[in-house]
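One structure is given here, and the rest of the page talks about it.
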There are 2 protein chains.
Amino acid sequence: MSMAEYKGKVKRIQDTPFGYTMSVISGKWKMVIIYLLAENQPVRFNDLKRQIGAITYKTLSSQLKELEADGLVKRKEYPQVPPKVEYSLTDKAETLLPILEDLCEWGVSNQPS
Amino acid sequence: MSMAEYKGKVKRIQDTPFGYTMSVISGKWKMVIIYLLAENQPVRFNDLKRQIGAITYKTLSSQLKELEADGLVKRKEYPQVPPKVEYSLTDKAETLLPILEDLCEWGVSNQPS
DNA sequence: ATAGGTACTACCCGAAAGGATAGTGTAAAT
DNA sequence: ATTTACACTATCCTTTCGGGTAGTACCTAT
């Protein structure tokens with residue numbers, strides 16, 4: 001199916017494939033999180049926090065939960081004290097990576113200095 | 001340049017190619033506008049409004065202004081009464097279309113029923 | 001005994017995005 | 001004479017997003 005086939009069918013964007021994909025990737029830090037996971041999988045919560053730096057616990061936590069709810073991130077909890085939780089990408093997320101690369105490349109070519 | 005090369009360099013996302021591309025395409029209606037323009041170029045303001053339906057004048061107007069400021073949309077005004085304004089895509093926007101198609105296709109394959 | 005590390009949650013706040021409604025000036029159509 | 005159409009703008013309001021701060025329960029290192 002291509003964009004052309006949506007002609008006249010768009011009622012609510014959140015129900016379109018466009019809208020779905022956008023809802024999944026647009027969160028201020030989601031791309032950064034996905035790309036960091038793609039490189040270092042699996043990564044623990046505080047490692048992510050340190051690597052990103054400017055993010056707060058609350059925001060990182062909520063972004064991860066949304067990613068998990070959307071099936072892009074797996075959360076594995078080890079029953080230890082102190083706690084240990086590892087995050088990694090799902091297969092679904094792996095299929096997104098080429099598209100994220102394209103978005104990145106487009107930015108490189110088109111971002112004004 | 002690939003995502004991998006950003007390792008350790010990310011300070012503020014809005015300065016990265018990722019962030020730039022996302023800022024350009026993420027507005028609730030931008031994708032819809034771009035795809036409608038891609039199909040019917042050029043399109044007049046009220047035609048866009050009618051085709052989208054659920055959008056308000058104010059929102060359509062601001063989304064178009066942002067798209068214009070980002071160099072994705074051209075605005076051509078005819079000095080007539082009543083006014084006539086036509087919107088169309090720039091070459092820069094045309095280079096985005098394949099990526100938007102990819103985002104759409106990913107949504108088709110991965111959107112939960 | 002104190003400080004630091006683990007993975008968070010709870011609560012409050014400000015900014016920004018987008019929706020709702022109404023109005024502008026001119027001309028053509030009914 | 002009234003309505004309709006064009007392309008908007010202005011004002012107000014609500015919702016959403018993300019930031020800031022503080023706290024939890026337990027363990028290890030100093």
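Sequence lines set the chain letters: A, B, ... in the order given, protein chains first and strands last, and positions in each chain run from 1. Being a predicted model, the structure only gives us computed values, none of them experimental.
In terms of position along DNA chain D, the nucleotide closest to B:K84 lies nearer the 5' end than the nucleotide closest to the other residue of the pair B:K84 and A:P82. For the pair B:T59 and A:R50, both in contact range of DNA chain C, the more 5′-proximal nearest nucleotide belongs to A:R50.
In this structure, the nucleotide among D:dT9, D:dC27, C:dA7 sitting nearest to the side chain of A:N46 is C:dA7. The listed nucleotides are C:dA7, D:dG18, D:dC8; the one nearest the side chain of A:V85 is C:dA7. Distance from the side chain of B:W29 is smallest to C:dG19 among D:dC6, C:dG19, C:dT9. Of the candidate nucleotides D:dA7, C:dG19, D:dG18, C:dG19 has the atom lying nearest to any side-chain atom of B:K28. Side-chain proximity of A:S61 to D:dC26, D:dC6, C:dT9: nearest is C:dT9.
If you measure from atom CZ of A:F45 to atom C1' of C:dT6, you get 10 Å, rounded to the nearest angstrom. Between A:I55 atom CD1 and D:dC17 atom P there is a gap of 15 Å when expressed in whole angstrom units. In this structure, the CE atom of A:M22 is 16 Å from the C1' atom of D:dT16, given to the nearest Å. Rounded to a whole Å, the CG atom of A:D47 is 12 Å from the C1' atom of C:dA7. Whole-Å rounding puts the B:L60 CG to C:dA17 P distance at 17 Å. Taking atom NZ of residue A:K49 and atom C1' of nucleotide C:dT6, one finds them 14 Å apart after rounding to whole Å. When rounded to the nearest whole Å, the span between CD of A:Q80 and C1' of D:dC27 equals 12 Å.
In this structure, the side chain of B:S88 does not engage the main chain of B:Q41 through any donor-acceptor pair within 3.5 Å.
The base of D:dG18 is paired with the side chain of A:K58 by a donor and an acceptor separated by under 3.5 Å.
Note: A:F45 and A:Y87 have tilted aromatic rings, judged against thresholds of 30 and 60 degrees for the angle between ring planes.
Put simply, SG on B:C104 and OH on B:Y35 are 9.0 Å apart, with the number rounded to the nearest 0.5 Å. Considering CD of B:E68 and OG1 of B:T90, their distance stands at 10.5 Å, rounded to 0.5 Å.
Put simply, the side chain of B:L60 reaches to within 4.5 Å of the side chain of B:I33, judged on heavy atoms. The shortest side-chain heavy-atom distance between A:M31 and A:L103 falls under the 4.5 Å cut-off.
Within the structure, a side-chain polar atom (N or O) of B:Y87 is placed less than 4.0 Å from OP1 or OP2 of D:dC8. Between A:R44 and C:dA7, a side-chain N or O to OP1/OP2 separation shorter than 4.0 Å is present.
Figure legend: B:K49 and B:Y57 shown as a cation-pi pair, the cationic atom lying under 6.0 angstrom from the six-membered ring centre and within 45 degrees of its axis.
The stretch residues 62-79 of chain B touches DNA chain D through B:K65, B:R75, each having a heavy atom under 4.0 angstrom from the strand.
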